[in-house]
Amino acid sequence: MQRTTRPLTVLKKRCLQASNVRVFSRALATAGTAEQDCRTPPSAGKKLYETHIPISKIERTVLTAASAVAALNNPLRGDMIATLGEATGRVFLARMRDQMLTSDVGRRILRERPVINTKTLDFDELKKTCAPGTFGQTYISWLEAEGVTPDTRCDVKYVDDEELAYVIKRYREIHDFFHTLTGLGVTVEEEIALKWFEWAQTGLPMTMLASVFGPLRMTWPERKRLYTGYVPWALQCGASCTPLMNVYFEEHFHTPLDEFRKQLGITLPPQYPIHDK
């Protein structure tokens, strides 16, 4: 109990002393990360999957507070948004799982548990076989242009349900497919626009957090484009298109992108000149 109580006491004292978010964030950093200091001893909880870290209710409360403050201080910090989603999203993850269960494809995804990374996908083969204009070719071109890979997603750690852990893992892994389908890049305003789209799709609290507080770090022209163009599109398109958790994207790499968008009911967001971004 000493290991659990001590970090909590330190955090409480420093949180009370914090006069603003930055001070609170520094207090959290000096007290040690939630993952390092707030773990339940192995004997106190059952490990449900390889990356699972069992935590108590008290530890989950501390983890939620710490990740929420860090995320509010920087709404684009992906690791804190991810942790907050795991600590608070159980109800919404269950709804996403239930939605998948209503679809033949969704049930198959839950049964087969496909994983998206450079070990499970043969990118060299896709480059050779995906014709120009297909979903797969556009996806690979987008990854190369933005300098990212599907291996950079955070591991799921704090979801105390093995199936729901896979649901949020799948959600994270198909994020880059959302970029490909919508044509949105990785600028601040485009990432936040995509978060609004994802919120309309999933209802996950952490997507709304980034959607609401992320614009505080944007310039006035960026916020104007966001709220007058991107947000109306994101809410309408996200709510009306096919639930993307029910799409077996790996089976559509050779589908023409325009045709795939029509099948899913996805319309493109407003287009702005590059020099305006």
Side-chain angles (χ1 to χ4, degrees), residues 96-97 99-118 120-151 153 167 169-187 189-204 207 225 229-274 277:
M96 291 167 65
R97 185 268 318 277
Q99 185 181 60
M100 294 176 74
L101 290 173
T102 65
S103 160
D104 290 340
V105 177
R107 288 194 297 272
R108 188 156 66 89
I109 292 172
L110 288 173
R111 183 173 63 252
E112 297 178 1
R113 304 286 180 91
V115 175
I116 301 168
N117 57 45
T118 55
T120 60
L121 295 180
D122 189 339
F123 282 86
D124 290 334
E125 183 65 20
L126 288 175
K127 288 180 183 180
K128 295 177 183 177
T129 60
C130 290
T134 58
F135 172 63
Q137 184 271 331
T138 308
Y139 167 62
I140 293 173
S141 296
W142 184 88
L143 290 177
E144 292 178 342
E146 300 297 346
V148 298
T149 77
D151 296 334
R153 299 301 168 196
V167 170
K169 175 181 172 67
R170 176 71 177 178
Y171 161 72
R172 290 174 184 172
E173 290 180 345
I174 64 176
H175 174 81
D176 290 339
F177 292 151
F178 296 177
H179 276 287
T180 304
L181 288 168
T182 61
L184 290 170
V186 294
T187 65
E189 60 186 298
E190 288 173 302
E191 282 286 6
I192 293 175
L194 196 58
K195 283 288 180 283
W196 280 92
F197 175 87
E198 291 176 335
W199 177 74
Q201 274 272 308
T202 68
L204 286 170
T207 58
R225 287 192 294 268
Y230 283 130
V231 171
W233 162 82
L235 294 177
Q236 190 279 327
C237 184
S240 62
C241 73
T242 297
L244 298 183
M245 289 294 292
N246 290 345
V247 179
Y248 217 130
F249 290 96
E250 298 90 326
E251 297 179 347
H252 291 276
F253 285 133
H254 298 281
T255 303
L257 181 58
D258 290 340
E259 178 183 325
F260 196 27
R261 284 171 173 157
K262 289 181 181 179
Q263 292 176 9
L264 300 177
I266 289 181
T267 57
L268 292 177
Q271 304 297 305
Y272 296 103
I274 294 178
K277 293 185 178 181

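Starting from 1, each residue takes its place in the sequence as its number.
For E146, there are no side chain to side chain donor-acceptor pair (under 3.5 Å) partners, not counting sequence neighbours. The salt bridge (charged side-chain N to carboxylate O under 4.0 Å, His left out) check on D104 picks up R107, with sequence neighbours excluded. Annotation: salt bridge (charged side-chain N to carboxylate O under 4.0 Å, His left out) contacts of R111 (sequence neighbours excluded): none. Remark: E144 engages K127 in a side chain to side chain donor-acceptor pair (under 3.5 Å) (not counting sequence neighbours). Every side-chain contact (heavy atoms from CB on, under 4.5 Å) that R153 has, sequence neighbours left out, goes to R172, H175, D176. Remark: N117 pairs with V115, K119, T120, D151 by the side-chain contact (heavy atoms from CB on, under 4.5 Å) rule, at least two apart or across chains. Contacts of Q263 classified as side-chain contact (heavy atoms from CB on, under 4.5 Å), with partners at least two apart in sequence or in another chain: H252, T255, E259, F260. The side chain to side chain donor-acceptor pair (under 3.5 Å) test applied to N246 returns no partner, not counting sequence neighbours. Residues satisfying the side chain to side chain donor-acceptor pair (under 3.5 Å) criterion with T149, sequence neighbours excluded, are absent altogether. With sequence neighbours left out, the ring pair (Phe, Tyr, Trp, His ring centres under 6.0 Å) criterion links W142 to H179. Every residue two or more places apart in sequence or in another chain that forms a side-chain contact (heavy atoms from CB on, under 4.5 Å) with C241 is listed here: F197, Q201, I266.
Listed by first and then second residue, the salt bridge (Lys or Arg N to Asp or Glu O under 4.0 Å) pairs that reach into residues 246-257 are R108-E251, R170-E250, sequence neighbours excluded.
In this structure, CZ in F123 is found 10.0 Å from SG in C130, a value given to the nearest 0.5 Å. Taken to the nearest 0.5 Å, the CD1 atom of I109 stands 8.0 Å off from the CZ atom of F249. Between D258 atom CG and L268 atom CG the span is 8.0 Å, to the nearest 0.5 Å. With rounding to the nearest 0.5 Å, the separation of CG in L184 from OG1 in T187 is 8.0 Å. To the nearest 0.5 Å, the span separating CZ on R261 from OG1 on T138 amounts to 7.0 Å.
Aromatic ring pairs are classed by plane angle as parallel below 30°, tilted from 30° to 60° and perpendicular above 60°; the pair F253 and F135 is parallel.
For the pair T202 and L244, the minimum side-chain heavy-atom distance is 4.5 Å or more. Contact of the L204 side chain with the Y171 side chain is registered, since non-hydrogen atoms from C-beta on lie closer than 4.5 Å. Proximity of L126 to Y139: side-chain heavy atoms (C-beta onward) are nowhere separated by under 4.5 Å. Contact annotation: the side chain of Y230 never approaches that of L194 to less than 4.5 Å [non-hydrogen atoms, C-beta and beyond]. A heavy-atom distance below 4.5 Å is not found between the side chains of Q137 and L257.
Here the closest non-hydrogen pair linking L110 and R113 is O-NE, 2.8 Å. Between C237 and G265, the shortest heavy-atom contact is SG-O, 4.3 Å. Residues M100 and M245 share a closest heavy-atom pair of CE-O, 3.5 Å. Closest heavy-atom contact between A234 and A200: O-CB, 4.0 Å. Of all heavy-atom pairs spanning G229 and P232, the tightest one is O-CD, 3.4 Å.
Distance alone, capped at 3.5 Å, is enough to place a donor-acceptor pair between the W233 side chain and the T267 backbone. For T102 (side chain) and Q99 (main-chain N/O), a donor-acceptor pair under 3.5 Å exists by modelled atom type.
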side-chain hydrogen bond (donor to acceptor under 3.5 Å, both in side chains) for E112 and Y248? Distances and angles first, verdict last.
CA-CA 11 Å; E112 297 178 1; Y248 217 130; 2.7 Å; yes

